[in-house]
*Asks:* 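Before we start, here is the structure in question, set down as structure tokens.
Each chain gets a letter, A, B and so on, in the order the sequences are listed, and its residues count up from 1. What you see below is based on every heavy atom in this structure, not just the backbone, and it leaves out hydrogens, waters and symmetry mates. Fair warning: this is a prediction, and the values are worked out from it, not measured in the lab.
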Protein chains: 2
Amino acid sequence: MTMDARRERTGTRVTVKDLARDLGMSVSTVSRAFHADAVIARETRVRVLARAKEIGYTPNPFARSLITKRTRIVGLVVADITNPFYPEVMTRLTSDLRAIDMNVMLVAADQSGTVDDALRLLLNYQPDLVIILAATLSSAAAQECRKSETPVIFFNRLSGEAGSFGVTCDNEEGGRRAADFLIDRGHRRLAYVSALADASTNVERHRGFANRAAERGIEAPVVLEAGSFSYAAGHRAAEAMRTLKARPDGVFCANDIVAIGFLDAVRQDLGLSVPGDLSVIGFDDVEMAHWPSHALTTIRQPVDEMLAATVALAKTLGADAGAEPVIRRIAPGELIERQTTRDRRAD
Amino acid sequence: MTMDARRERTGTRVTVKDLARDLGMSVSTVSRAFHADAVIARETRVRVLARAKEIGYTPNPFARSLITKRTRIVGLVVADITNPFYPEVMTRLTSDLRAIDMNVMLVAADQSGTVDDALRLLLNYQPDLVIILAATLSSAAAQECRKSETPVIFFNRLSGEAGSFGVTCDNEEGGRRAADFLIDRGHRRLAYVSALADASTNVERHRGFANRAAERGIEAPVVLEAGSFSYAAGHRAAEAMRTLKARPDGVFCANDIVAIGFLDAVRQDLGLSVPGDLSVIGFDDVEMAHWPSHALTTIRQPVDEMLAATVALAKTLGADAGAEPVIRRIAPGELIERQTTRDRRAD
DNA sequence: CTGAAAGCGCTTACAG
DNA sequence: CTGAAAGCGCTTACAG
């Protein structure tokens with residue numbers, strides 16, 4: 001049977017068998033050529049690899065994982081995609097992971113609640129690793145991961161579940177810096193715009209902000225509830241400011257997108273001036289924060305370092321799925337002063 | 001051997017064998033219960049499915065695809081992620097595909113050029129279908145898809161390659177509408193801000209705009225080269241306007257993100273007023289277009305319909321991979337008038 | 001260092 | 001309608 005006839009019969013792919021026959025070697029030998037740590041003559045490996053390239057053979061990953069129990073698939077679970085911080089993280093993570101030969105299977109959760117089903121299907125593909133972006137897991141879902149012995153990395157937002165990995169910014173420190181920045185510049189009536197109430201990022205940023213204010217003898221920051229990490233939520237929080245007896249002069253928002261929604265509403269609907277009447281600080285430094293239309297003062301999220309830490313973790317877990325769970329907390333980047341804050345000491 | 005001991009030995013998963021033994025049936029029968037079109041007694045199927053649910057059995061998709069040659073994987077290739085139009089498309093596509101039981105394997109191409117390698121790896125996983133978002137394929141890559149008989153759908157941006165599927169907006173019609181809108185309101189010196197020069201979306205929008213202007217006896221629109229679909233590119237195009245002898249009074253931008261970059265630069269760096277000195281129209285109606293900070297007049301991209309068409313196509317191709325290639329062109333949504341355009345007839 | 005054989009978890013003709 | 005057997009494309013002890 002000619003090679004072409006064979007390929008016709010078995011679908012369109014070249015298999016080990018084809019390659020072995022072509023080279024006059026056994027299937028075992030051919031297979032070994034593709035495993036760096038396999039015992040095989042140097043010269044044999046070279047011949048196999050060369051010929052494989054010529055006829056376009058590449059091992060079928062499904063057949064391989066059936067035996068090795070490793071799939072080189074990482075499941076990426078994404079929810080809150082309206083935050084412009086995530087698209088970049090997603091794509092960069094995907095290409096960085098590809099660089100260490102891991103493939104990303106994407107799971108999108110439009111509404112919270114659907115994550116569970118999606119995750120279950122994902123788990124079917126036996127990912128070597130699951131990375132959760134911008135979401136948390138229900139404890140049922142977390143348990144399924146544990147049961148299938150799939151390590152989970154929470155990126156940015158941490159989870160209460162024990163036994164999982166985490167990579168996050170030191171959000172509390174970020175909150176403290178925001179407080180210092182405002183207080184140093186003469187702000188005295190602080191407010192925090194709170195996003196998703198129990199997201200770790202939200203809680204920690206608030207805590208750092210409030211604690212630092214207390215340490216410096218400033219009245220506790222008022223909390224304006226936005227409710228989620230979105231533009232619309234920031235908008236709503238500004239409306240809520242109407243009901244306050246005393247207007248805050250320094251506002252720290254849970255993140256940039258919330259800050260931008262807040263800004264737009266404060267200026268447009270409340271008719272106030274920023275930074276004239278009040279200063280606003282965000283968190284993340286997403287690209288649009290530097291656009292002149294927003295020019296938002298904000299704290300940079302150390303994305304590069306977070307990404308690097310995540311990939312390093314993925315690599316470790318690739319070698320040893322049973323590694324000890326660890327939370328990596330990375331210092332926030334600098335506070336970037338733009339045009340939504342000003343010095344009030346002369347007021 | 002107890003079930004638990006067996007699960008210990010074979011990793012952590014329950015297999016057909018386990019379930020068959022548990023039920024006192026053959027492996028074949030159990031397998032048949034999971035295929036709607038298999039010949040099996042109604043009652044048997046019910047029993048199998050019920051017990052499967054109890055002990056958490058679900059067929060291993062890898063083992064299955066080894067035989068069926070269908071993976072239920074769709075490869076999603078994404079490039080230009082800075083356009084906020086895409087994150088939404090990506091996640092919605094992912095969940096819609098999940099609804100028809102297809103899983104998304106993500107490939108990110110940061111730079112053009114890397115798509116080829118990424119695609120090759122993807123093809124290894126034998127996706128039933130590849131969807132290309134915001135990118136084109138090199139002809140080498142396109143040929144690899146053909147060779148492996150993997151259907152390709154181009155979403156939004158079309159490709160010159162024959163034999164592939166396409167879902168796009170009727171961009172030419174969109175361009176015509178932009179021209180009519182501006183001309184009807186007294187604009188006479190038109191300009192087009194061109195993004196990626198040979199992207200089909202860019203070419204078609206420009207063509208429709210220019211053709212309609214010609215039909216209505218208006219001088220051919222000046223072309224301002226932005227060079228890509230990004231904020232920074234729009235910014236550059238505004239700078240390029242400095243060298244023009246006559247300033248345009250009506251500008252149609254290749255898409256919203258380019259328009260926003262253009263707007264910011266026109267106002268900030270050129271010190272011009274929009275819509276006072278000139279009107280600006282975008283294309284897409286991304287979420288931020290309605291933020292008061294931009295309030296961009298734009299043409300809505302019919303995302304819902306495009307998504308629906310893509311999923312329908314995916315379904316068809318799932319049933320019959322050899323379906324006749326087709327390009328679906330969907331009428332653009334309405335032109336939404338906001339605050340970057342005004343009526344100049346009284347000027 | 002290489003090859004023959006068993007087996008990963010499934011599906012699907014083929015008998016009965 | 002059900003079961004035994006072959007086989008999908010690989011990897012990996014086990015001999016030699």
*Asks:* Distance check: side-chain N/O of B:Ser31 vs OP1/OP2 of C:dC10, anything under 4.0 Å?
*Replies:* no
*Asks:* Let's see if you can work this out: which of C:dC10, D:dC10, C:dT12 has an atom nearest to the side-chain heavy atoms of B:Arg64?
*Replies:* C:dC10
*Asks:* Please state how far atom CG in A:Leu19 lies from atom P in C:dG3, giving the value in whole angstrom units.
*Replies:* 13 Å
*Asks:* Rounded to the nearest Å, what distance is computed from the CZ atom of residue B:Arg47 to the P atom of nucleotide D:dC1?
*Replies:* 15 Å
*Asks:* What residues, two or more places apart in sequence or in another chain, satisfy salt bridge (Lys or Arg N to Asp or Glu O under 4.0 Å) together with A:Asp101?
*Replies:* A:Arg72
*Asks:* Send over the distance from A:Leu66 CG to C:dG7 P, rounded to a whole Å.
*Replies:* 14 Å
*Asks:* Is there a Watson-Crick or G-U wobble partner for C:dC14 with both distances under 3.5 Å, and if so, which one is it?
*Replies:* D:dG3
*Asks:* In this structure, how many angstroms lie between the P atom of D:dA6 and the CD1 atom of B:Ile67, rounded?
*Replies:* 15 Å
*Asks:* Could you check whether B:Tyr57 gets within reach of a base, just the sugar-phosphate, or nothing at all, counting any heavy atom under 4.0 Å?
*Replies:* sugar-phosphate
*Asks:* Phosphate oxygens OP1/OP2 of C:dG7: is one of them under 4.0 Å from a side-chain N or O of B:Lys17?
*Replies:* no
*Asks:* Indicate whether OP1 or OP2 belonging to D:dT2 is found under 4.0 Å from a side-chain N or O atom of B:Ser26.
*Replies:* no
*Asks:* Which nucleotide, C:dC1, D:dC1, D:dG7, lies nearest any side-chain atom of B:Ala41?
*Replies:* D:dC1
*Asks:* Looking for any heavy atom pair under 4.0 Å, which part of the strands does A:Ser65 touch: base, sugar-phosphate only, or nothing?
*Replies:* nothing
*Asks:* Please tell me whether A:Tyr57 and A:Phe34 form a close aromatic pair, meaning their ring centres lie under 6.0 Å apart.
*Replies:* yes
*Asks:* Between A:Lys69 (NZ) and D:dG9 (P), how many Å, whole number?
*Replies:* 19 Å
*Asks:* Does A:Ser28 make a side-chain N or O approach to OP1 or OP2 of C:dT2 shorter than 4.0 Å?
*Replies:* no
*Asks:* Can you tell me how far P of C:dC10 sits from CZ of A:Phe62, to the nearest Å?
*Replies:* 14 Å
*Asks:* Using a strict 4.0 Å threshold on nitrogen-to-oxygen distance, state whether B:Glu54 and B:Arg51 make a salt bridge.
*Replies:* yes
*Asks:* Quickly work out the B:Arg70 CZ to C:dC10 C1' distance and round it to whole Å.
*Replies:* 17 Å
*Asks:* Pick one: which of B:Leu123, B:Leu317, B:Leu129 meets side chain to side chain contact (heavy atoms under 4.5 Å, CB included) with B:Thr150?
*Replies:* B:Leu123
*Asks:* Is the count of non-hydrogen atoms from other residues, nucleotides or ligands lying under 6.0 Å from B:Glu43 atom CD greater than 12?
*Replies:* no
*Asks:* In whole angstroms, how far is the C1' atom of D:dT12 from the CZ atom of A:Arg32?
*Replies:* 8 Å
*Asks:* A:Thr44 side chain: which of C:dG9, C:dT2, D:dC10 is closest?
*Replies:* C:dT2
